[in-house]
Asks: 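Take a look at the following structure, please.
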2 protein chains.
Amino acid sequence: MSDNSKPRPRPTDLSAAIASDIRDAIIAGRLIVDERLPSEAELAAQFEVSRPTVREALKRLAAQSLIRTQRGASGGAFVNRLSYEQAYGQQITTSTLLLSMNGVSFDTACEARFALERACAPLAAERRQPDHLAAMQAEITRQSATGLSDEAFCASDVAFHRALVDAAGNPVLSYQLAGAVEAMQPLMNMITYTRRSRDVIIGLHQRIVDALEQKSPEDCDSALVELHSYTRDLNQPTAR
Amino acid sequence: MSDNSKPRPRPTDLSAAIASDIRDAIIAGRLIVDERLPSEAELAAQFEVSRPTVREALKRLAAQSLIRTQRGASGGAFVNRLSYEQAYGQQITTSTLLLSMNGVSFDTACEARFALERACAPLAAERRQPDHLAAMQAEITRQSATGLSDEAFCASDVAFHRALVDAAGNPVLSYQLAGAVEAMQPLMNMITYTRRSRDVIIGLHQRIVDALEQKSPEDCDSALVELHSYTRDLNQPTAR
DNA sequence: GCTGATTTATTTGTCAGACATTTATCAAGC
DNA sequence: GCTTGATAAATGTCTGACAAATAAATCAGC
């Protein structure tokens with residue numbers, strides 16, 4: 001009556017197994033936020049392994065921001081409250097690598113991004129605050145500058161779209177979209193932006209801001225749709 | 001000896017600094033998929049640290065699925081091709097913890113989930129394949145069973161919605177949505193589902209499947225909107 | 001010459017013990 | 001009362017060693 005019916009292949013890697021144990025305890029709530037784990041020596045005794053092995057396990061968890069460590073007396077490993085900032089970072093790293101390593105096409109990534117972004121637009125139109133509009137307007141100004149490198153233009157584009165997402169006022173949405181928006185940047189960096197194409201994009205950005213200011217989700221949506229197809233065609237000007 | 005002027009301001013936590021270095025190299029493409037890293041001993045010499053320190057760094061990267069390791073001659077650490085499966089897993093873990101540790105309200109998470117899901121609906125209506133419809137229909141059947149626990153009902157609900165997302169035929173969307181959908185499960189598990197409420201939900205699910213079958217994005221969207229508001233009210237029956 | 005078993009070399013996985021560094025706590029001295 | 005120093009606890013790091021896995025080289029046998 002053992003649980004060897006579980007499909008989980010018990011890792012022969014002790015540090016991976018220990019990390020998995022502790023991770024499960026955190027996810028299941030048996031270890032709560034800010035709770036202190038036993039010291040490395042105690043964990044070593046508990047799992048009957050050496051301290052370096054325990055440390056490797058803890059580093060794995062630290063890499064996922066599940067724990068944080070503190071040195072000194074009354075230090076140790078603590079269950080970490082995963083902040084939005086940390087979650088953003090991991091989300092962006094994972095998304096970026098997923099796209100680049102699997103040869104995801106520009107079209108696929110672009111479609112996903114604009115689909116998700118359109119989902120935010122109605123909420124953004126309803127809740128946008130002055131600072132969101134100001135942030136977006138500032139990026140438009142930056143994008144209009146002459147002599148801006150393609151890379152800088154892309155970075156500003158990303159910042160614009162992140163501000164748009166943030167305007168929806170839903171931190172969970174912002175978190176989910178962070179990956180989609182940021183991971184697009186490397187792909188968009190491969191495009192050459194002519195003066196005219198920049199002007200078109202900037203014009204659409206302005207339409208988006210205006211639509212949000214007037215709380216018109218329809219105008220915002222149509223601008224996004226146009227921006228999507230324009231961006232797609234930029235990448236494959238001779239397609240079809 | 002030019003690099004002794006390398007005052008990188010993170011001398012604490014050498015293993016974190018080394019992991020960061022290697023991670024940057026992978027993201028920047030200086031290390032490509034399936035490329036073998038130097039052995040632990042070589043890395044130790046290269047970074048002028050001990051092998052355990054290098055190992056801790058490598059374990060951090062392994063925790064993010066950035067590398068995989070192999071024992072034996074011609075073994076070592078290899079840059080890992082991040083698979084969608086692995087990315088799903090990390091996304092789900094991070095999202096679940098983010099919601100539970102930050103006390104994200106049901107409404108907020110629910111709003112994000114349905115907003116994102118509505119973004120998938122038009123694509124799903126266009127591209128859904130028979131197996132997607134079959135998978136969704138199978139979950140509806142499961143949900144209709146009597147004596148089903150609330151937890152099992154929720155699990156089936158999640159499976160239904162993931163099938164809906166997959167029907168959009170965009171792996172990047174599926175990846176992004178995996179977190180949003182799965183992370184909702186713990187929150188939805190806290191709801192008690194009466195027979196009547198289950199019937200309402202199942203009815204809406206059926207409407208969604210029918211709409212997809214008929215390739216009607218409008219019907220699908222309206223069903224999703226209704227499902228959203230119904231779910232929200234289930235959680236706070238006396239609100240407003 | 002070729003096949004198959006054996007040895008060898010390389011590399012990760014694990015262990016033990018030690019020292020360095022950081023930090024909270026507490027006691028001593030002014 | 002406040003500062004200051006000693007103390008203890010914990011993580012961070014190092015050294016050296018052995019175990020285990022695995023691919024390549026070697027060698028015996030035909």
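The structure displayed is predicted, hence computed values, not measured ones. Every chain is numbered from 1, with letters handed out A, B, ... down the list of sequences.
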Asks: Do we get R232(B) above F114(B)'s six-membered ring, with its NZ or CZ under 6.0 Å from the centre and within 45° of the axis?
Replies: no
Asks: Answer yes or no: does a side-chain N or O of S50(A) lie under 4.0 Å from OP1 or OP2 of dC15(C)?
Replies: yes
Asks: Report yes if a side-chain nitrogen or oxygen of K59(B) is closer than 4.0 Å to either non-bridging phosphate oxygen (OP1 or OP2) of dT12(C); otherwise report no.
Replies: no
Asks: Are T69(A) and dA10(D) close enough that a side-chain N or O sits under 4.0 Å from OP1 or OP2?
Replies: no
Asks: CD of E48(B) versus C1' of dT13(D): gap in Å, rounded?
Replies: 15 Å
Asks: Quickly work out the E40(B) CD to dA19(D) C1' distance and round it to whole Å.
Replies: 14 Å
Asks: Taking only the side-chain nitrogens and oxygens of T53(A), find out if one of them lies under 4.0 Å from OP1 or OP2 of dG13(C).
Replies: no
Asks: What I want to check is whether an N or O donor and acceptor connect the side chain of R51(B) with the base of dG16(D) at under 3.5 Å.
Replies: no
Asks: If you go through the side-chain atoms of R36(B), does one of them form a donor-acceptor pair with the base of dT11(C) closer than 3.5 Å?
Replies: no
Asks: Below 4.0 angstrom, N of the basic side chain to O of the carboxylate: do R142(B) and D157(B) qualify?
Replies: no
Asks: Using only modelled atom types and a 3.5 angstrom limit, is any donor from either the side chain of R71(B) or the base of dT11(C) paired with an acceptor on the other?
Replies: no
Asks: Would you mind telling me which of dT11(C), dT15(D), dT14(C) lies closest to the side-chain atoms of P52(B)?
Replies: dT15(D)
Asks: Check the distance between dC14(D)'s P and R55(A)'s CZ and give it to me in whole angstrom.
Replies: 11 Å
Asks: Rounded to whole Å, how long is the line connecting atom CD of E56(A) with atom P of dG13(C)?
Replies: 7 Å
Asks: D13(B) CG to dT21(C) P: how many Å, rounded?
Replies: 15 Å
Asks: Mind calculating the distance between CG (L43(B)) and C1' (dT12(C)) to the nearest angstrom?
Replies: 12 Å
Asks: Given E182(A), which of Q91(A), H161(A), R162(A) fulfils the side-chain contact (heavy atoms from CB on, under 4.5 Å) condition?
Replies: R162(A)
Asks: Find the distance L58(B):CG to dT12(C):P and express it as a whole number of Å.
Replies: 8 Å
